[in-house]
Enquirer: 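Shown below is the structure under consideration.
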Amino acid sequence: MATRTSSDPVLVVDKLSVHYQTSKGPAKAVNEVSFSLRPGERLGLIGESGSGKTTMGTALMRLTRPPGRIVSGSIMLDGRDLMTLSAGELREARLRDIALIPQGAMSALNPVMRLEEQMIDAIIAHRPGMRRAELVARVVELLRNVGLAPEVARRYPHELSGGMKQRAAMAIATSLSPKVIIADEPTSALDVVVQRQVMQTLGRLQDGLGAAVVLIGHDMGLIAQFADTVGVMYAGRLVEIGPVRQMIKSPKHPYTKLLVDSLPGIEVKQALTGIPGLPPPLVDLPPGCSFNPRCPFAFDRCRRETPLLLDAGPDQFAACHLYPEHSTLPPIPARVYQEALP
Amino acid sequence: MNNELLRYIASRFAQLMLIVFVAVSINFIIPRLLPGDPVQTALARLQSTGGAQNLDIQAISASYRARYGLDAPLWQQYINYWSDLFTLDLGVSFANFPEQVSTMIGNALPWSVGLLTLATLIAFVTGSLLGARLAWPRSGPVIKSVVPLMMILTSIPFYLLAIILVYLFAVVLKWLPPAGGVDTTRIMRLDWATTEDVLRHALLPCLAIVLGNIGFWALGMRSQMVSVLGEDYITFAEAKGLHPRRIFIWYGMRNALLAQVTALALSLGSVVSGAVLVEVIFNYPGLGSLLYVAIRGQDYFVIQGVVLMLIVSLAVLLFIVDLLYPLLDPRIRR
């Protein structure tokens, strides 16, 4: 596990909200999310499908497309607010300061261009004066960093395997040594062995660059292995954030607790449990805490008032009305697990 | 890689040869399946107008049959047909006896090729560019307002469009000549006056074909471009911080064009046959008009020759598109 540097945060996200315009009104895919990231820190963002993780990742690059729109909030990257940058400044900041390893990197490469051209394309957009020979040398170096042979540069994407394409996308994302890397489910659609290799490569790259990483995913095991800090998203909100070990050992938010409990163990063979109920539609969130219809501890206040992300332990923050009155989460009643059984 | 490419070209060439062989064979068989033969038809017409004797008719018929080789057995005719083709002998026109069909086609071909190539290229290029801009989210409302116009243009058959154009520009405004390939009094020379004259005559038919096709290309490109712009590689290209123009051309259009070229290959047939009508309307001295006149005059050898020419040129065009395709899409080179 990488040690944390206690310097100033490189990325500060404050009350970021992204809405999708729908015929039934705005779908609040990201709802007033705030967090910060120090250089070299690894943040894992976890949540189920539709919890706003990917929307969040693209919004951090200001790549949100209509019908999506960043409605409020700020993204301070190294002291500059991305929200106030002009189109040209934003283009310069992308890849150089903040880079994206996209979801489904399998299809992130242009099928009609050789890998080399796509890598050079990225570099030369930021370093217009670079000579061809330097560029080619840089491509070879970048490929070596992600464990690919130099001759891969001359290939087209369809001549690469899934793992190779993922590595190629990582090589492109790290080509200008960005300060922040957003990796959106970089290992989806890869088998477990390749997943592990890709994650190791990502970790090595990050250590070398000293960049902060936001790893987005839904695989708790994968994220727990990689990240220092874990943020849990539910219905567009960040409901809990804290150091990874602590979050797994003593989750504070009832949703996190149920999520951790649903992880299958290897030693104890037991029926898989889930979380009863379904996440609410993002266009029609319940009043108060979005989790209240599924929460075993919900009381009146939860149905009235949206909880804020507050201190719930050392370095641990939870958006739940149980805190700060309680110091730990009460035990979950057994009937909840029973309900979740098929 | 290079080996793959060679094999690809060889297989496409074999395909071209096969198409030409089948087309030539069908072109030989179909007229012979019809009851009667051209000689009989021609003589019957002669007989009904003049008062020729039956005996004479028999003699004339036999001599004609011998002259055109129609008295030989079918397989012999088939072989003769092929050997004639290789010496570019397509027979003699009935209507313009004794002019060679190959000469007539040779005279008409440059007009058609010039007009069609120019018009199709203009329609394809401008239509595709326009379609790509229509799909681009950054395009202004002015460009987007073109969509309904494109839809109207695609729904009007272009011979109708041609008639409207003739009426507007030749009859009412009198800016351009209504018909023909060149001024009837002009002596063809390679000078500026001739070129200008040819261009002035070609403008209206060209415009008719361009306007008739541009909507098809624009709307096709637009839908292709919309789906390409939704691809992950576009998002990634944006995340790389590329200039929008670069993304538009090299990540967007470059990929959307693949389906456009396929559509071009598929529509070449209708482009050629549609152009026949345009040539007839403008009395343009190309293959279309030649075919039209030949059909009206039941000039069998000319019809056969022109149809053969159309099929072969279509096959060659498809071959060219097939050769272009692997250059555009590396995934096809096998």
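Numbers restart at 1 for each chain; the letters A, B, ... are given by sequence-line order, proteins then strands.
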Enquirer: Do you know which two heavy atoms are closest between A/M113 and B/W250, and how far apart they sit?
Expert: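 The pair with the smallest heavy-atom distance is SD-O, 4.4 Å.
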Enquirer: Rounded to the nearest 0.5 Å, what separation is found between the NZ atom of B/K240 and the CG atom of A/L95?
Expert: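 With rounding to 0.5 Å, NZ (B/K240) is 8.5 Å from CG (A/L95).
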Enquirer: For each of A/I172, A/I123, A/D121, tally heavy-atom pairs with chain B at distances under 4.5 Å, and name the one with the top tally.
Expert: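 When all of A/I172, A/I123, A/D121 are compared, A/D121 has the most.
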Enquirer: What part of A/A122 gets closer than 4.5 Å to chain B, counting heavy atoms only: side chain, backbone, both or neither?
Expert: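 Contact with chain B: backbone and side chain both.
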Enquirer: Would you say that A/V112 contacts B/Y251 through its side chain, given a criterion of any heavy-atom pair below 4.5 Å between the two side chains?
Expert: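 With C-beta onward as the side chain, the pair stays apart.
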Enquirer: Measure distances from B/L258 to the heavy atoms of chain A and classify the residue's part below 4.5 Å as side chain, backbone, both or neither.
Expert: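 Just its side chain gets close to chain A.
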Enquirer: Measuring from atom CD1 of A/I124 to atom CG of B/L242, what distance do you get when rounded to the nearest 0.5 angstrom?
Expert: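 Interatomic distance, A/I124 CD1 to B/L242 CG, rounded to 0.5 Å: 11.0 Å.
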Enquirer: Tell me, out of A/A169, A/G88, A/A108, who's got the most heavy-atom pairs with chain B below 4.5 Å.
Expert: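 With the most close heavy-atom pairs to chain B, the winner is A/A108.
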Enquirer: Just wondering, do B/F236 and A/N110 contact through their side chains at under 4.5 Å, heavy atoms?
Expert: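 No - every pair of side-chain heavy atoms lies 4.5 Å or more apart.
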Enquirer: Exactly one of A/M61, A/R65, A/R62 should register a side-chain contact (heavy atoms from CB on, under 4.5 Å) with B/E238. Which one does?
Expert: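 Only match with B/E238 under side-chain contact (heavy atoms from CB on, under 4.5 Å): A/R65.
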Enquirer: What I'd like to find out is whether the side chain of B/Y233 reaches to under 4.5 Å of the side chain of A/L109, using heavy atoms alone.
Expert: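 The answer is no, as the side chains (C-beta and beyond) never meet within the 4.5 Å cut-off.
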Enquirer: Quick one: CD1 on B/I234 to CG on A/L63, what's the gap to the nearest 0.5 Å?
Expert: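 B/I234 atom CD1 to A/L63 atom CG measures 12.0 Å (nearest 0.5 Å).
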Enquirer: In Å and rounded to the nearest 0.5 Å, what is the CZ to CD1 distance from A/R91 to B/I247?
Expert: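 One gets 8.5 Å once the value is rounded to the nearest 0.5 Å.
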Enquirer: If I measure from the heavy atoms of chain B, does A/E117 come under 4.5 Å with its side chain, its backbone, both, or neither?
Expert: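 No part of A/E117 comes within 4.5 Å of chain B.
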Enquirer: Can you give me the closest heavy-atom contact between B/P330 and A/P111, atom names plus distance?
Expert: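 Shortest heavy-atom contact: CG-O, 3.5 Å.
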Enquirer: Under 4.5 Å from any heavy atom of chain A, what part of B/L229 do you find: side chain, backbone, both or neither?
Expert: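 Only the backbone of B/L229 comes within 4.5 Å of chain A.
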Enquirer: Atom NE2 of residue position A/H126 - does it have more than 12 heavy atoms of other residues, nucleotides or ligands inside 6.0 Å?
Expert: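 Yes, enclosed.
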Enquirer: In terms of heavy-atom pairs under 4.5 Å with chain A, which of B/D232, B/V228, B/T235 leads?
Expert: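 Sorted descending by pairs with chain A, the first entry is B/D232.
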Enquirer: On a heavy-atom basis, which atom in A/A125 and which in B/G241 lie closest, and how many Å separate them?
Expert: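 Nearest pair, atom of A/A125 first, then B/G241: CB-O, 3.9 Å.
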